[in-house]
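Data first, discussion second: the structure below is written as structure tokens.
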Amino acid sequence: MRMERVDWPGDILSLVAQEASALVELLCEQNSGVLDRIFALVEPKTLDHRQSLTNTRDRVSAIVDYFKSSDRNSCRRFLTIVYQYSENIPLLLETTLVSIAGYTPGTNFNHTCETVESSPSPYVKRPRLDHLQSYMDALKSMVLQKYESVAQAVVKDIRLEDTWVYLRHRNPPRGKDRTIQPQASLDNHEGEESEHKVSVESLLKTTSRVVTLLGQAGSGKTLLVHCLGRDWAEGSFPSIHLLFLLEFRQLNLISRDLSLKELLFLFYPAGDDDEEQSDAVFEFILSNPEKVCFIFDGYDEFRAKLTHPEKLESINDPNKPLPLTDLLSGLCSRRFLPDCTVLVTCRPRDVTDMFGSPGFITCELQGFDRLGVKEYAEQYFHKKGDELKKKAVNLLTNNRHLLSMSHVPGLCHICCVCMEHLFSSDGTDLQLPTSLTQIYMQILLAFLKRINGGVVSGTSPLQRYRSKIVEMSQLALKGLEESTIVFMDTDASPELQEFGVKSGILSCVKLTREDGSSGYGFTFMHLTMQEFLAALHLMTSQNITESQLKKKLNLKTRWTTKIDPKSVFTDSLHVYVCGLAAEACKSSLVQLKGTEGITAWVQKRQATVRNVLLGFAGSTSQTGPKIVELCRCAHETQDAKLARAIGSRPQFELRNIRLNAVDMDSLAFVTAAADQNVCLDIGGCSIDPDCLEILPSFKNVDHLIFRSRKYDDKFAEALCGILCKLQALQKLDLSNNSLGNKGLKKILDLLPKLGMIQEINNFCLSSLTRSDIKPVYMTKLCKQLVKCENLLDIEFSHLKLSNESVEKLMLILPEMSSLQLLNLSHVDLSTNGALLLIRSLADCQRVTAVELSVPLFFYLHLNRSWCILLSSNHKQFIFYFLLHCSLSHNLLHDEGVKCFVDYLPKLKISSSVSLTGNQITQVGALHLVNSMNTCEKVVAVEVSLGVEDQSLIKFVQEHVNGKTLREIPVLDPLLCKFDNSIYFYAHRIWSAINNVNKYAKLIWPFFLLTEVILKTSHLLCSPSGVLVFCLIVSLFVLCFYSLLFLLYSPYLMYNSTFVTFFSFDDCDIEGQHLAPLTLPIQKCHALQDLRFSQLKVDRKGADFFSAVIPFLRNLRNLTDLDTEYLCVISFSELIYLFLPICFNISLCLWFSSLSQLVLGDHGATVLERALQSVPNLKSINLSQCSGWTAARGRDLVRGLVQCVSLAEIRLDSVILDEEGITILAQGFSRLTSLRRLSLSDNNVTDQAGEKLLAALSHCRVLQKLQLSKNQLGQASAAKLAQVVPLLPQLSELNLSENQFGQQGSMSLCEGLMSMKALKILHLTSIGSSDLVGVASSLKHCPSIEDVSLSWNLCDDSLARTLAEILPLCTKLKRLDLEANNITTAGATVIAKCLPSCPSIEVIRLWRNPITKEDENLKDQRLNFSSV
């Protein structure tokens, strides 16, 4: 057909002005030849000025501005040149230009313009546009045809602008069976994202992004995407020029590799298979991806799983055939056509396969609300008579069970069909279905009724068509097991197909085969019907064993990870199986069996299902989503016993899932059957306000918790309309939400009403945390609380309270007659605010307790007036702390400390009080020491007035006896002043002894003194200091003689003192300083533990120990000796000095630290003999010892393994050959008490390591295993995987700096799955860059706290896996990823999961190619430094 030139009807000059920016952008991308042709149109004078500009964009802009003000003809010539010679013209601009440039027939549309001299015809591009327009028209027609076939049975017109989805800007949610640690506290809102409602229409209003549309079965995903296609074909989305809608159920039929072009034109062929047209269209797609939209419907029906983008080969040739999984993954992950628009629909479980990319968003379909259900039902029954319509609509909206199921559009339609069937039945006694399964049973009966045109006979339809139903249900189950949803003609007999289509159970569909030919197949009317019929086969076929049936009853979770196996459209199969186990379905199952005496068999089959569910109910490890699934299954069975068993748990904790009406109805069924009150804890869950209407059915819920940033004022308004109906409610928690002033006011206005109608004795509000209550709102709040008649507890934790707000609160407290407890834990409070609270103890007679948490005192500067106020009160003031009270770094001084100590016996403090940094002198220190006398609960006082300036009072703990004085307070200050006046200092001490009356009260606590701990860097570093200490020890003894000689002299003469523990921490003493200590230490007969930090043992030190140890009959521990200075005494001599002592008093612990000694062969031999003499030795440390030969090393090991009581062996970096390792391995069979083994840096070969690890199977109580810096490989890793299941207590494993390789790391994965006690795992530099499996296995280690995967060059795949796994590791504190190959993208993925990981303290990412300034990496726990 000849195309004539069409003149542009408007003003060409206006056109240039309108498109100026587009023209500039276009011309800046063209070659110089195109610009030269345009410059030729410009006047020379003007051209000189324009060409003098150096910047290309400036020159182009000047040229366009020139033509904007030129004449019409010049402007037309300019636009014609632009159209003729420019490349990659945007389509909208090109469409406009072609109307100006005109058209000449017979020209080639392939415009290449390699050179300017090619001079194509002026109208060369018009055929390309003709082909494109022709294909667009045909494509719209095909899309409309698809819509019409899908929308045939649609009852209600779909308006996309009025159909809503919840939109979330985030990567796909992580899962857990986690599985995620969403079961933990929601203080950090664990991974939840804010969401808001948008219309379905808006999903395609914004282009160049990937959208995943989620929805459960029957939510209308397929219908809506076809409606989007319809609206596009009718011109609703002008920015999209081509839209391709493909169904995964059709894509399942393709088995060969296809290019993108082949795929598109297979389902949407060009007219008459015009190759020229298809080339033109595909060229447009490649050049203009931002104008193309791909819709893929039903990913949950896809048999395969999308290929991970990182595993895709580089796609350079768009015509290259690829596997379908690669092709679709490339589009969804934007590996090619990056600016195209992609919309994928699937069920929520499969969203984890949708790999994140720029612009990726997730949205979930919103179901019908009550009004939507009513409107749909009215439309359905519109032509069926007003009486029937009114009756059906009222029943559907007033029956809670039917209404909850009708919130899903597909199920709403099913319910309407069910109502129509029931109302058309002859029986007057209408039995309404109470479960989804029972509804589907009625639907099946309704379909069967269609076979004979609705004619009813005396035989039940289930009996009449039993053989067909059995055959069809068998086909349904086969399809689910083989992931088949579209069946071929050959899959069923013609008779069955005819029966299915006639009844409406099956639908005929047109198919496109992979060779391009067309054909027909059939599907079930809906996927849920296929699942129901499959369940029917499972419950009625005697070929299905009970074991096979039980395998189908695994609870589904809504938490998933990308590594989970793909499960194809079987979300509801287990639900229908459970529903068929209900008593109401027994008669239907018996009818389908159709044989005599079958009732007992059916009952047994139903009992099997209920027993499996009872087993699930008894499990305490079920996660929130599985609990919901279990409740759904129980609701389907309608079994009260099962519901009661599930409801016996005290708390239902639900995290980070969407709760629909069916879920809430099921939870209500279970909790109502419970024999006790339960707590319903909903955190981070998306929940429609309409679902709250089901809350009154939760009969036994006395504690209700809603916590999420999604719960705003609108949510609070809906909740307030329900709370009055909750008869059992005693406690409401709305903390950590997004309530504004409006929502808060609603709650407060409701409180008095709640107080009046409750038949309870207590109502507790815990709803106002983490906010800033202004004074005016504090007044309003308190006035509302005054109206509450029942006893009231108030918790204002994590608030920010101004002094004025506190004052308002205190003023109204006397009026709050119902107030029982005011809890202000973790408040941000000033000093004056704290004083106001404390003063209420005196001002308000009704106040009996005020709870102030630890952080308050961390930031308070308290002074003497505070302590006086505290001590002047005669009421009970409770310090309610988990561990201790901190009054550190305030301004108490000596007098304030005395006030506090005087009041100490009246305080309830659970563990300790810290008074560090209060500027006290030795006088204040004496007051602290005196607390051991005045307060019987004080068991220890630690005081340091030196550089450290520490003061701590410890209180009695259960099973703890004796008292401790750490660093006697009078020593350090006097010593600092009289460092060189030892005699004066001694005089002060002796005068204290003589002045008995003056110091009796101070000395009395020493009678109960059991520990003396000296932590000083100067006291014992000189002879004078040692003498001082000797005098102090003597002081204890002489004081006892002087004060209580008559009463205690016989006892004291024998015992001298009660001291059981001496510790010389950081005293820097040497052997020469020990001689003066000999006599005092000999007097400490009760001494059990003697510790010398870094004591440098030489001959004099050995002499000291030889002199004192025989007197210490109760000594059990002698540790921390530094043998570095043994150069003056041989090891052999030292052994001979110590061994007799060890044997005489059974002291075997000295051997625990002999590290870094140079023993020589003789020393090794001596040590070997010594070891044979101490079979009760518990610990030995020979790390970094050297000097012996390999032969002597073997002898040493032989002696070591004779110590059968060893609990710890440390042989790091010693001289041991492979034979020595073998001897050690053989000895493990006797070392059954071994708990800690360290053999790092010993060059242990893979072969020796395998033997060593195999032998560890005898050490069943092993807790720590250190094998770093060896030569372990695959064999050792494989053996370790076999052995660790036999080591249930193994908590620490260090395998760093070995060469396990990829295969070895896979073996480690197997081992990790059984390590339930593992806390520390270090796999630094193990020779494998693929540790994804290792990371994934961490979810099987519930106790893990510290993990190192550093120096392994792992890439972002590790980061993505960790992001999925970390929320499952609820105790993990530290993760080291230093020196890998994780990029900014990988680090961002990890950062996004951190809100779900409150336990994590640090993740080290140093030496990775990461831009740490990235906005997504601001979490303080991400560490990019070397520390």
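Residue numbers start at 1 and run along the sequence shown.
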Chi angles and distances behind the side chain to side chain contact (heavy atoms under 4.5 Å, CB included) call for Leu692, Phe706: CA-CA 11 Å; Leu692 297 177; Phe706 284 106; 4.0 Å; yes
Can you check whether Cys346 reaches Leu214 side chain to side chain, under 4.5 Å on heavy atoms? yes
Look only at the side chain of Asn611 and the backbone of Ala607, and say whether a donor-acceptor pair between them is shorter than 3.5 Å. yes
Heavy atoms, side chains only, cut-off 4.5 Å: are His574 and Cys633 in contact? yes
Side chain of Glu531, backbone of Ser572: donor and acceptor closer than 3.5 Å? yes
Contacts of Asp639 that satisfy salt bridge (charged side-chain N to carboxylate O under 4.0 Å, His left out) - sequence neighbours left out: Arg610
Within a radius of less than 6.0 Å around NZ of Lys1316, do more than 12 heavy atoms belonging to other residues, nucleotides or ligands occur? yes
Partners passing salt bridge (charged side-chain N to carboxylate O under 4.0 Å, His left out) against Lys552 (at least two apart in sequence or in another chain): Glu481
Under a 4.5 Å cut-off applied to non-hydrogen side-chain atoms, are Leu402 and Met419 in contact? yes
Which atom names give the shortest non-hydrogen contact between Ala534 and Leu573, and what distance separates them? CB-CD1, 3.9 Å
Closest non-hydrogen atoms of Lys1371 and Ser1399, given as atom of the first, atom of the second and distance, are C-OG, 3.7 Å
Evaluate Thr671 against Leu680 for side chain to side chain contact (heavy atoms under 4.5 Å, CB included), listing each step before the verdict. CA-CA 9 Å; Thr671 56; Leu680 183 62; 5.8 Å; no
Qualifying residue, where the test is side chain to side chain contact (heavy atoms under 4.5 Å, CB included) with Phe652 and the options are Ile705, Val701, Leu667: Leu667
What pairs of residues pass the salt bridge (Lys or Arg N to Asp or Glu O under 4.0 Å) test when at least one of them lies in residues 573-582, not counting sequence neighbours? none
Tell me whether Glu583 is salt-bridged to Lys586, with the criterion being a basic N under 4.0 Å from an acidic carboxylate O. yes
Find the distance between SG (Cys685) and CG (Asn660) and round it off to the nearest 0.5 Å. 11.5 Å
Nearest 0.5 Å, what's the CD1-CG distance between Ile722 and Leu729? 12.5 Å
Flag the pair Arg707 and Asp681 as a salt bridge only when some basic side-chain nitrogen lies within less than 4.0 angstrom of an acidic carboxylate oxygen. yes
What residues, two or more places apart in sequence or in another chain, satisfy ring pair (Phe, Tyr, Trp, His ring centres under 6.0 Å) together with Phe669? His635
Taking the side chain as every heavy atom from C-beta outward, state whether Val678 and Arg649 have any atom pair closer than 4.5 Å. no
Do you know which two heavy atoms are closest between Cys418 and Pro433, and how far apart they sit? SG-CG, 3.9 Å
Indicate yes or no for a side-chain donor-acceptor contact from Lys725 to the backbone of Pro696 under 3.5 Å, with no hydrogens or angles considered. no
So which heavy atom on Cys578 is nearest to which on Leu613, and how close? SG-CD1, 3.7 Å
Side chains of Lys374 and Val393: closer than 4.5 Å at any heavy-atom pair? yes
For a quick test of reading the model, state the closest non-hydrogen atom pair linking Leu659 to Cys691 and the distance between them. O-SG, 4.0 Å
Which is it for Thr599 and Lys593 under the side chain to side chain contact (heavy atoms under 4.5 Å, CB included) test, yes or no, and what are the steps along the way? CA-CA 9 Å; Thr599 302; Lys593 289 299 295 181; over 6 Å; no
Ignoring hydrogens and geometry, is there a side-chain-to-backbone donor-acceptor pair from Gln730 to His703 under 3.5 Å? no
Checking Asp702 side chain against Asn677 main chain: does a donor-acceptor pair fall under 3.5 Å? no
Got a second to check how far Ser473's OG is from Met539's CE, nearest 0.5 Å? 12.5 Å
When the ring planes of Phe368 and Tyr376 are compared, do they come out parallel, tilted or perpendicular, using 30° and 60° as the limits? tilted
Going from CG on Leu654 to CG on Asp663, what distance comes out if it is rounded to the nearest 0.5 angstrom? 9.0 Å
Can you tell me if Arg370 uses its side chain to pair, donor with acceptor, with the backbone of Thr397 under 3.5 Å? yes
Do Leu527 and Arg347 have side chains that approach each other closer than 4.5 Å (heavy atoms only, starting at C-beta)? yes
Distance, nearest 0.5 Å, that separates CG of Leu553 from CZ of Phe616: 6.5 Å
Could you pull out the closest heavy-atom pair between Val670 and Gly647, with the gap in Å? CG1-N, 3.5 Å
First locate atom CD1 of Ile627, then atom OG of Ser666, and finally report the distance between them rounded to the nearest 0.5 Å. 12.5 Å
List for me each residue that meets salt bridge (charged side-chain N to carboxylate O under 4.0 Å, His left out) alongside Glu717, sequence neighbours excluded, and say none if there are none. none
Decide yes or no for Leu536 and Ser588: does some side-chain heavy atom of the first lie under 4.5 Å from some side-chain heavy atom of the second? no
Phe447 side chain reached by His421 side chain, heavy atoms, under 4.5 Å: no
Test salt bridge (charged side-chain N to carboxylate O under 4.0 Å, His left out) applied to Asp665 - qualifying residues, sequence neighbours left out: Arg400
My understanding is that only one of Leu436, Ile439, Leu444, Val575 makes a side chain to side chain contact (heavy atoms under 4.5 Å, CB included) with Phe532; could you say which? Leu444
Give the C-alpha distance, both sets of side-chain angles, the deciding distance and a yes or no for side chain to side chain contact (heavy atoms under 4.5 Å, CB included) between Leu538 and Leu580. CA-CA 10 Å; Leu538 290 171; Leu580 292 172; over 6 Å; no
